[in-house]
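To keep things clear, I will list the structure first and then write my remarks on it.
Only this structure's heavy atoms are used, side chains among them; waters, hydrogens and symmetry mates stay out. Please read these numbers as outputs of a predicted model, since none were measured by experiment. Below, chains carry the letters A, B, ... as their sequence lines are ordered, and counting in each starts from 1.
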4 protein chains.
Amino acid sequence: MARTTVAEREANRMRLLEAAANEFARKGLDAANINEISLAAGLAKGTVYNHFASKEALFLAVVEQACLYAAAGAEQVPEQAPTHTRLRAVLQADVEWVRQNEAFAKVLVREVLTGEESRYPRVLAAAAPLIERIAMILRDGARRGEVRSGVPVEQLALTFTGLADLAFLQHWGSGGLWPSLEDLPDTVVEMFMHGAAPR
Amino acid sequence: MARTTVAEREANRMRLLEAAANEFARKGLDAANINEISLAAGLAKGTVYNHFASKEALFLAVVEQACLYAAAGAEQVPEQAPTHTRLRAVLQADVEWVRQNEAFAKVLVREVLTGEESRYPRVLAAAAPLIERIAMILRDGARRGEVRSGVPVEQLALTFTGLADLAFLQHWGSGGLWPSLEDLPDTVVEMFMHGAAPR
Amino acid sequence: MARTTVAEREANRMRLLEAAANEFARKGLDAANINEISLAAGLAKGTVYNHFASKEALFLAVVEQACLYAAAGAEQVPEQAPTHTRLRAVLQADVEWVRQNEAFAKVLVREVLTGEESRYPRVLAAAAPLIERIAMILRDGARRGEVRSGVPVEQLALTFTGLADLAFLQHWGSGGLWPSLEDLPDTVVEMFMHGAAPR
Amino acid sequence: MARTTVAEREANRMRLLEAAANEFARKGLDAANINEISLAAGLAKGTVYNHFASKEALFLAVVEQACLYAAAGAEQVPEQAPTHTRLRAVLQADVEWVRQNEAFAKVLVREVLTGEESRYPRVLAAAAPLIERIAMILRDGARRGEVRSGVPVEQLALTFTGLADLAFLQHWGSGGLWPSLEDLPDTVVEMFMHGAAPR
DNA sequence: CATGAATGAGGCTTCATTCAT
DNA sequence: TATGAATGAAGCCTCATTCAT
């Protein structure tokens, strides 16, 4: 009966999410155009509303999908590894999914940094697992004396993810010149761990 | 009738800029409403167009005014002072003007971090003096061995201003909880200079 | 697959008519929603179009069904009974079916009083038997001197049905306060036969 | 300065109300088209929204204007005149304004008879003075024994205005054939006062 | 210059209808 | 025959911009 249709429907939903991510990444929520999104997905305008209640709901779905992608790339590094190694692994996984889903990544980073206050709670909830993973690593690091313990790890985690977001922003803003995606993990971890002072 | 003197006209322009900064800070460029801006300035809608060619021109004027404010607060610290002292002084001046012109600051930070690509050149030009001042300090620091020299100072300067912007964002996003404006310079400079590793 | 028998199909049609009557009674033709009608009938949207060519066709089917219901309750009073008795019997039958099919009744009354001009002929044709029955009674009454003969019975019949419709509207509009369905036949017949002047 | 503009603005508002009355009279609230209304008024779509907050607000403004028109034609008949004379005078004034403002009248009658429940309170408030005038006349009539006193005058007043509305509806529905506007007051008053029984 | 009424392009959203399964 | 996903025309409303006073 509707077995194939269910699969098609899901495929359509994903096509809409992809198209929406592209549009939102380029223009932002307000300037994005629902009609263009639907056409880019090869569907009609009305179909968007069969899948998402509103433009904002579509946007949030994109953000949540981005969080899913981001969380999917869990690092495969032993807990015993030094903090900087584990952090680098996290960023390497991030870089990987950014390569695969650049549009989603751009939307997520922009939303995390400068999203509307009213959407903050939803975004926060979606992004919480990512932050928590960093906090965990830093907590382990602090226990082992690799991370200074004068500052709450939550604040350090926010700073670390902020630095990473910043780095992605600069990567995109510079047209990929600096930092390159390849260098990004090293650059960010080095800066985060030791700062600008000479070693 | 020439009922309005030159001084009044200039005052009107400033009132519009202030009102626009508030509106843009709260809603962003797209969602901001020209009519509400003019009313908040105590003027009529049409007057906006006697001062600014378009909504986007008004937005850019706000950004440029914000850069002027930011640049106005030059640090009064001798060049011989240690790098961290000079950086801290820069941030203290920044904090000062943020206290006075929070709306302008919010607009500027958001625009610098996640503004439209098409506006990037204009914003970059307006913000260049600020970046250059940091680069200069870091260049001096590198010469004196207080700053590592493996990384181009331009990149370090970008990172420093990025960290500061991040800190302001977190200040606003947390409702002023962390970091407080008072702590912000220390926090940012400490992080920038030495990172998360224990000293 | 011929999974649905003829009886089932007819039952579905009736369920749709009932659901449609409810929706049309509450919202009118324009504001009614085909999807909600089908869901209220426990069927899918598309099924509506297996039974009715369009929303308007469904609406007309509801009106016609209402006329059928209304006509079904023929009064069981001898022709020799006085006019007021026969008229009261008609209204009592009306009240009876209104009790059973309030939604259909509301749709019919609204359509008769203020329906679209373009649907007027169809509605008129459907309602003609009802009017004719009244006219017949009044004709008999005039012949017997119980009804004044200066006015064409067709006009009197229209007035009588109009008064009845008005009474139903006031019943619904007042939340059932006045006139009650029980009092309605007496009230209407009394007003119709003798007016507001004292007897 | 804006002296002329104020007058023009008011004229535009009236043009919109007239155009809206025509459109609403022909199609009803839902099917009416804001764009066509504005064009019929010789104005642009957006102008409607400078005067009325929404389509429904415009509709209610039309209804209220209709009530104003209706109330404006106060009968000039001495209080001592017999009830049927006074009632006839009221209807003659009604007929007069219906001749002048047919569209407004159609909207008002339809709304009073079969308007949306949610708009009922507003319409009731606007129409209250009209009803009250009838009730007053009937109260006087009852005091003088010209109107039967077994029924509350409020109910009689509702019936009278209902009969009048019905008569207008039939006038329009029959293409002006019956009753003619000229005959309408006599016909309605006669029916209301004495009913269908022979005198 | 300041004003604010008018403009009309643009966009989100609804929903009747179609059609492949 | 029943289903419900897709369609796209239609329409309300917003709001940046213009312009006569």
Euclidean distance, [Y] [atom2] relative to [X] [atom1], rounded to 0.5 Å:
| X | Y | atom1 | atom2 | answer |
| --- | --- | --- | --- | --- |
| L43(B) | L16(B) | CG | CG | 5.0 Å |
| F52(B) | L60(B) | CZ | CG | 11.0 Å |
| L17(C) | Q65(C) | CG | CD | 5.5 Å |

Is there a side-chain contact between [X] and the phosphate of [N], meaning an N or O under 4.0 Å from OP1 or OP2?
| X | N | result |
| --- | --- | --- |
| N35(C) | dC15(E) | no |
| N50(C) | dT1(F) | no |
| T47(A) | dA5(F) | no |
| H51(B) | dC1(E) | no |
| R13(D) | dA5(E) | no |
| N12(B) | dA2(E) | yes |

Whole-Å gap separating [atom2] ([N]) and [atom1] ([X]):
| X | N | atom1 | atom2 | result |
| --- | --- | --- | --- | --- |
| I34(A) | dC12(E) | CD1 | C1' | 8 Å |
| L39(B) | dA16(F) | CG | P | 12 Å |
| Y49(A) | dT17(E) | OH | P | 22 Å |
| R15(B) | dA2(E) | CZ | C1' | 12 Å |
| D30(B) | dC15(F) | CG | C1' | 12 Å |

Pick the closest DNA chain E nucleotide for L29(A) and for G42(D) by heavy atoms, then say which residue is nearer the 5' end.
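Its nearest nucleotide being more 5', the pick is G42(D).
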Looking at K27(D) and E36(D), is there a salt bridge between them, counting it only when a charged N and a carboxylate O are closer than 4.0 Å?
yes
When we call it a touch if two heavy atoms are under 4.0 Å apart, what does K45(D) touch: a base, just sugar-phosphate, or nothing?
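Answer is base: heavy atoms of K45(D) come under 4.0 Å of a base.
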For A32(B), which contact category applies under a 4.0 Å heavy-atom criterion: base, sugar-phosphate, or nothing?
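Sugar-phosphate, no base atom in range.
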Residue matched to dA16(E) through Watson-Crick or wobble contacts both under 3.5 angstrom:
dT7(F)
Using Watson-Crick or G-U wobble geometry with both distances under 3.5 Å, which nucleotide pairs with dT21(E)?
dA2(F)
Among dA16(F), dC13(F), dT13(E), which is the nearest nucleotide to the side chain of K55(A)?
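Closest of the options to the side chain of K55(A): dT13(E).
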Please determine which of N22(A), V63(A), V112(A), L29(A) meets the side-chain contact (heavy atoms from CB on, under 4.5 Å) test together with V107(A).
V63(A)
